[in-house]
Visitor: 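Supplied in structure tokens, the structure appears directly below.
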Amino acid sequence: MAVTAAQKTAIEEVIRALTSATSRRAKRRLADMFLDLVDKDSWPEYYEVIPQPRCINGVKSTLAQNKYKEPLDAFQDLQLVFLNALYYNEPGSQIAKDATTLKGILENEWRQRSVLPAPPTSAPSSSAQKVHAKKEQPERAAAQPAASKPQTAPPAQKTSSKAPAPSTVKVDPTPQASSQPTDATSAKTPERGASPDVDVDIGGTPEPEVVGHDSARDGESDEIVRQLEKGLPRWEGFADVGWTDELDADRMIDIVVAISKYRDESGNRLAVSIEAVPEETNIPDLSFNFPLSLALVESRARMKYYETSRTFDKEMSQLFLKARRWYEVGTEPYGNVLVLQRLYHALTSPNPPQPPYASATKFAALPAGPGIAKPLHDSVESDARVTTFRVATKDRKIIDEIQYKGWTIRLADWLHLSNPDDPSRPIVGQVFKCFLSQDSQRKGQPGVSVSWYYRPEQTFHPSSRQFWEKEVFKTSHFADHPIEDIIEKIACQFTARHLRGRPRPPFWYPGWPLYVCDSRYNDRDRVFVKIKNWNSCIPEEVRKKEEFMPIYPFERPVVPRSLPSPFLGAQKIKAPGGIIDAPEKPEGEKAEPAAAATRKRPQRKAAAKAEAERAGSTKATAAATHPTQPTTQYAASTAYGYSTQAQSQYAQHIPPHEDRSIYAAAGGASALNNATVEELPPETARHFDRDPETNEVLWFAAPPVDIVHRPPPRYSLKYLAFLARKRKREQGHDPSGDAEAMAVDVDDEDASRQPKRRKMPPTVTEQLEALMKEHGLDQLPLS
């Protein structure tokens with residue numbers, strides 16, 4: 001089939017991923033050696049060994065000219081680029097290592113795009129590995145009988161002559177691996193049946209393992225993960241707990257109509273995102289497969305199909321679950337679904353809002369989310385002060401669990417929670433306490449105290465930093481959420497466990513969102529600190545417990561995919577984080593990467609001043625962008641004691657100083673595209689002048705102009721004219737002939753008021769010259 005426009009775009013994205021891949025610390029691009037063909041004059045033997053030379057730029061040119069008849073033809077050419085390098089170069093050489101890494105990236109990126117057909121598992125027949133293997137087979141067959149003459153067992157000769165045959169079925173990327181086809185074939189994970197009798201890895205919380213972000217995720221690793229998850233127990237669906245019992249038939253219709261007709265501040269009807277999901281249910285790992293849609297639920301409600309409110313409540317929750325699994329996290333339709341789900345939770349709560357339904361926080365209980373929220377004890381007055389640095393126990397009764405909408409929430413569970421700033425990126429948090437509020441406004445109502453985890457786009461980081469796929473970062477922010485903020489249960493693994501396997505039910509089921517955490521993030525200092533003790537990050541009650549999140553182990557460690565900063569993508573995103581320059585260490589201090597920054601406490605005064613300036617600029621932006629409007633706010637916001645004043649969506653924390661770096665002057669990440677950003681080494685930077693406030697190296701757009709700058713005049717023209725006339729008068733050339741003309745009013749005052757000028761006495765030099773002339777000493781020769 002011909003290459004469609006969507007497939008062509010997907011292939012171009014794969015090529016961009018290859019050309020943008022960098023080595024560790026982003027010092028060089030891996031694809032630079034593979035962009036153009038090998039020079040024939042310098043390496044003529046290369047074209048004798050390699051039957052089909054290929055290069056990345058050649059593939060791009062062929063794709064741009066629409067010469068590929070099928071998408072797999074482009075994949076085959078890209079695969080040949082790296083297979084040729086692996087065959088021609090030594091296995092341990094740098095170019096062979098780069099080719100192996102890029103080959104893995106090619107396969108991963110290709111599989112991630114559903115519009116592209118599945119790539120073949122074996123090398124193309126025109127590759128050097130297969131071409132030379134075919135040439136060597138007759139020679140090997142002819143040589144083996146002669147070598148086997150001394151042997152006394154002819155059947156053994158036949159067996160050995162057929163041994164190389166499997167080498168044409170699966171080709172390993174390295175040249176010497178072709179002599180070991182049996183090992184390469186046995187490395188594949190065997191098919192597993194759907195049985196819970198799988199080995200379980202328990203035994204405490206493991207210590208972190210050092211894994212580089214430049215490790216490539218190969219196709220075999222994907223197969224290992226797929227086969228393990230295929231054999232894991234499936235989620236049975238929502239339990240019969242936590243459903244509402246207070247809805248009559250008319251109220252069900254009102255709720256469905258409110259969901260269907262709700263419009264946001266811009267007038268967009270959000271239910272379009274749910275209506276776009278097909279009514280037929282064929283989503284993998286979903287707990288049900290019967291048809292379900294918003295129109296179907298409304299029709300059933302009008303026909304009074306639901307005998308109890310529990311049945312209606314459960315089917316609405318299943319509808320939101322289906323829509324969440326249909327869209328990708330971070331997309332606008334996904335955010336629309338979460339806003340409608342939060343509105344539904346509000347409408348079925350004990351204190352539902354009254355129409356017209358409007359909320360500046362997208363119906364979330366908190367006025368600010370990760371990246372914008374501030375601690376309650378912050379010195380700067382702001383409505384975004386909602387978090388604490390420890391779990392609060394005042395005015396609440398601690399309980400073991402909470403049941404809500406089919407979920408049973410317990411200590412140390414992981415949750416998706418409503419994000420008031422960006423609904424498409426729900427808050428990732430771990431439960432530290434379940435409680436019943438004793439506050440007068442929400443007495444007896446349940447809630448959870450949660451530790452927040454930040455996403456990469458909610459952090460400030462250098463452009464060279466790499467992130468694991470679905471990586472999040474532990475923070476020191478704790479917040480109280482009502483149960484209406486709960487979207488769903490998820491799971492988060494620390495790196496050491498994530499490399500070794502997947503969580504065991506009931507902590508996680510296939511299809512649930514799964515995150516990985518490797519570091520802490522200090523949002524005040526904007527630094528990342530690698531976690532050394534996992535026990536310090538989880539609730540104290542579950543530390544050192546073997547039954548806490550055991551795993552089903554892989555056959556071997558599987559490294560997650562490594563991704564660049566989300567701000568360097570082709571599409572610009574709105575998020576509270578951003579790109580910053582990597583911190584520079586003054587001379588004499590040990591330079592450290594941003595990902596392994598120390599925990600030194602910054603100067604309190606400087607940190608407080610910078611925080612005050614950032615909060616002041618944010619508050620001014622919010623006041624100018626969102627004027628107060630007389631709209632009905634969700635009652636849950638005021639119930640927690642927070643102001644319902646409109647919050648500035650995606651309010652950016654403006655740094656206290658203007659970014660005058662070369663990176664910013666060139667246009668930032670969007671203008672530089674795939675350019676590599678490097679820092680000056682400390683031994684080089686110390687030779688240049690630095691900004692006294694930011695400690696950054698000063699730079700200029702051009703060299704200084706080599707000209708003489710004349711000093712500005714120090715006297716007025718009138719005063720200079722007076723001096724000129726004075727000199728002429730002393731020389732006996734008075735141009736005016738009038739002595740009174742010498743009395744110039746220098747200060748622009750009336751000349752008549754000035755006293756008559758008297759003759760100035762001679763200077764000491766003039767007196768000495770007169771005495772010497774008088775006594776004839778001026779004629780004496782100088783000795």
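Hydrogens, waters and symmetry mates are skipped; everything else that's a heavy atom, side chains included, is used.
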Visitor: So, is the end of the R526 side chain (NZ or CZ) under 6.0 Å from the ring centre of F460 and within 45° of the ring's axis?
Guide: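 Judged by the rule (NZ or CZ under 6.0 Å from the ring centre, within 45° of its axis), R526 counts as positioned above F460.
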Visitor: Assign the ring pair F473 / F467 to parallel, tilted or perpendicular, where the plane angle (0 to 90°) is split at 30° and 60°.
Guide: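 The arrangement is perpendicular - the two ring planes meet at more than 60°.
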Visitor: How close do H132 and V49 get, heavy atom to heavy atom, and via which atoms?
Guide: NE2-O, 2.7 Å
Visitor: Could you state the interatomic distance from CG (L106) to CZ (F75), rounded to the nearest 0.5 Å?
Guide: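 L106 CG to F75 CZ: 4.5 Å, rounded to 0.5 Å.
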Visitor: Under the side-chain contact (heavy atoms from CB on, under 4.5 Å) test, which residues partner A96, sequence neighbours left out?
Guide: L86, S93
Visitor: Side-chain contact, heavy-atom cut-off 4.5 Å: R561 with N108?
Guide: yes
Visitor: Answer yes if the ring centres of H498 and Y515 are under 6.0 angstrom apart, and no otherwise.
Guide: no
Visitor: Hey, do the aromatic rings of Y521 and F528 have their centres closer than 6.0 Å?
Guide: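 Distance test on ring centres: under 6.0 Å, yes.
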Visitor: Between D98 and R29, is there a salt bridge with N-O shorter than 4.0 Å?
Guide: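 No, R29 and D98 are not salt-bridged.
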Visitor: Considering residues at least two apart in sequence or located in another chain, which fulfil the side-chain contact (heavy atoms from CB on, under 4.5 Å) criterion with V81?
Guide: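 Testing V81 for side-chain contact (heavy atoms from CB on, under 4.5 Å), a comparison that skips the adjacent residues, returns F34, R54, I56.
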Visitor: Is there a donor-acceptor pair closer than 3.5 Å between any side-chain N or O of R234 and the backbone N or O of D285?
Guide: no
Visitor: Given W414, which partner from the list Y453, W512, F507 fulfils the ring-ring contact (aromatic ring centres under 6.0 Å, His included) test?
Guide: Y453
Visitor: Distance-only, no hydrogens or angles: does the S127 side chain make a donor-acceptor pair with backbone N or O of A123 under 3.5 Å?
Guide: no
Visitor: Is there a donor-acceptor contact under 3.5 Å linking the side chains of R556 and S221?
Guide: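 Per modelled atom types, R556 and S221 side chains form a pair under 3.5 Å.
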Visitor: Would the distance check show the side chain of E229 and the main-chain N or O of R226 forming a donor-acceptor pair, the cut-off being under 3.5 Å?
Guide: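 It does not hold such a pair.
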Visitor: Report yes or no: does D39 contribute a side-chain atom to a donor-acceptor pair with the main-chain N or O of D41 at less than 3.5 Å?
Guide: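 Checking the backbone N and O of D41 against the side chain of D39, a donor-acceptor pair under 3.5 Å is found.
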Visitor: Is it true that a side-chain atom of N57 and a backbone atom of L35 form a donor plus acceptor pair closer than 3.5 Å?
Guide: yes
